[in-house]
Colleague: 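Before I ask anything, let me first share the structure, which is written out below as structure tokens.
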Amino acid sequence: MPEGHSIHRLAAAFSELSKLGIARASSPQGRFTEGAAALDNAKITRPWAWGKHLFLEFEVPQPATLHVHLGLYGSWKFQAGEGIALPGHIGAPRMPGEHPGDTYKHFSGQFQPAPPGENVRLRLEFSRAVADLSGPNQCELLDNAGVEKILARLGPDPLVDSCSSQDFIDRARKTSRRIGEVVMDQSFIAGPGNIYRAECLFRCGINPNRQAAKVSVKRLQALWEDLRSQMRRGLKEGLICTADDPSQGRFWVYQRSGEPCRRCGAIVREQIVAGRRSYWCPKCQK
DNA sequence: GTTTGATGTCGAC
DNA sequence: TCGACCTCAAACG
């Protein structure tokens with residue numbers, strides 16, 4: 001369920017874990033036994049993210065990259081010894097752990113991780129930390145060609161510094177689809193999900209049903225910038241919060257259909273766009 | 001105890 | 001557009 005900011009957060013977590021040396025890999029659930037065996041006793045050399053895809057490059061005889069997509073209900077759970085900076089949990093279900101203020105298991109003295117649950121697809125065990133993956137949409141070992149194939153169908157990621165808005169804007173101006181569909185299409189822009197779509201379209205005053213090609217270049221540029229700044233905020237805080245005043249709630253419109261708009265008081269609406277519930281204010285978003 | 005639904009994506013009709 | 005994927009807390013009874 002996580003959007004792109006969570007995956008970049010995961011890459012940062014694995015960057016910490018990679019400092020702990022080689023990893024023992026296993027598949028307690030048994031559905032990734034071969035892959036785990038190939039990674040066992042190897043070191044993570046480069047963890048990185050693009051959109052909602054996590055890539056962990058391992059130093060094994062043949063260069064191998066673990067590709068993980070959490071999908072709708074995947075998650076990583078971490079346990080770590082004292083002094084190791086890791087979140088407790090990233091992914092579904094929504095619960096404490098992904099947030100910096102939440103407590104997560106720290107072990108003083110001897111590090112003794114809890115045994116993996118039945119549904120753990122992959123456990124990566126380091127000297128004083130453990131990462132458990134469950135419920136991923138995808139968990140596979142790729143060579144470089146396989147990685148390229150995935151990147152080829154992903155658009156620019158606002159959280160990747162080297163990406164610019166150019167491709168996103170060019171393609172949005174050519175498609176016949178609505179902007180609410182375009183923002184959710186990972187080939188147009190990689191990373192945003194249903195919350196950032198609803199929230200940033202609101203913040204930019206764009207109706208999700210508007211034809212993307214009719215949105216001005218200037219406003220598409222503003223949308224890209226807003227997605228980037230809000231996702232950076234989520235990356236930093238470990239929590240999606242797009243409201244200016246969080247004390248009244250984290251969201252402007254997401255999951256607020258039937259309630260008054262926080263800006264103008266009009267009733268927030270809801271409609272399925274690109275297969276997902278979309279929320280917008282009929283007065284603020286034209 | 002059972003149903004629902006979720007910050008996702010693909011592939012078959 | 002719809003179901004499958006595969007997980008689990010929350011909502012419902």
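All chains are named by letter (A, B, ...) in the order of the sequence lines, taking the proteins before the strands, and each is independently numbered beginning at 1.
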Colleague: Remember a base hit wins even if backbone is also touched, and classify A:Arg153 as base, sugar-phosphate or nothing at under 4.0 Å, heavy atoms.
Modeller: sugar-phosphate
Colleague: At under 4.0 Å, does any side-chain N or O of A:His69 touch on OP1 or OP2 of B:dT9?
Modeller: yes
Colleague: For A:Ser165 and A:Gln221, which I'm curious about, is there any donor-acceptor pair between the side chains at under 3.5 Å?
Modeller: yes
Colleague: Check this for me: does the side-chain of A:Tyr73 come within 3.5 Å of the base of C:dC6 through a donor and an acceptor?
Modeller: yes
Colleague: Could you work out the separation of C:dC8 and B:dC10 based on their P atoms and round it to a whole Å?
Modeller: 23 Å
Colleague: Which whole number of Å gives the distance between the P atom of B:dA12 and that of C:dC6?
Modeller: 16 Å
Colleague: Are A:Arg276 and B:dT9 close enough that a side-chain N or O sits under 4.0 Å from OP1 or OP2?
Modeller: no
Colleague: Would you say the ring centroid of A:Phe111 lies under 6.0 angstrom from that of A:Phe126?
Modeller: no
Colleague: Tell me what A:Tyr196 touches on the nucleic acid: a base, only sugar-phosphate, or nothing, going by heavy atoms under 4.0 Å.
Modeller: nothing
Colleague: With a 4.0 Å cutoff (strictly under), does any side-chain N or O of A:Arg31 reach OP1 or OP2 of C:dC6?
Modeller: yes
Colleague: Send over the distance from A:Gln271 CD to C:dT1 P, rounded to a whole Å.
Modeller: 11 Å
Colleague: What's A:Glu199 touching, base or sugar-phosphate or nothing? Going by heavy atoms closer than 4.0 Å.
Modeller: nothing
Colleague: Is there a side-chain polar atom (N or O) of A:Asn194 under 4.0 Å from OP1 or OP2 of B:dG8?
Modeller: no
Colleague: For A:Phe188, does the six-membered ring have the charged nitrogen or CZ of A:Arg171 within the cation-pi criterion, i.e. under 6.0 angstrom from the centroid and within 45° of the normal?
Modeller: yes
Colleague: At less than 4.0 Å, is any side-chain N or O atom of A:Asn137 found next to OP1 or OP2 of C:dC5? Yes or no.
Modeller: no
Colleague: Name the nucleic acid region contacted by A:Gln29, choosing base, sugar-phosphate or nothing; use a 4.0 angstrom heavy-atom cut-off, strictly under.
Modeller: sugar-phosphate
Colleague: Step by step, would you call A:Trp76 with A:Phe14 a ring-ring contact (aromatic ring centres under 6.0 Å, His included)?
Modeller: CA-CA 11 Å; A:Trp76 284 96; A:Phe14 278 100; 4.8 Å; yes
Colleague: By the 4.0 Å heavy-atom rule, please label A:Gln186 as base, sugar-phosphate, or nothing.
Modeller: sugar-phosphate
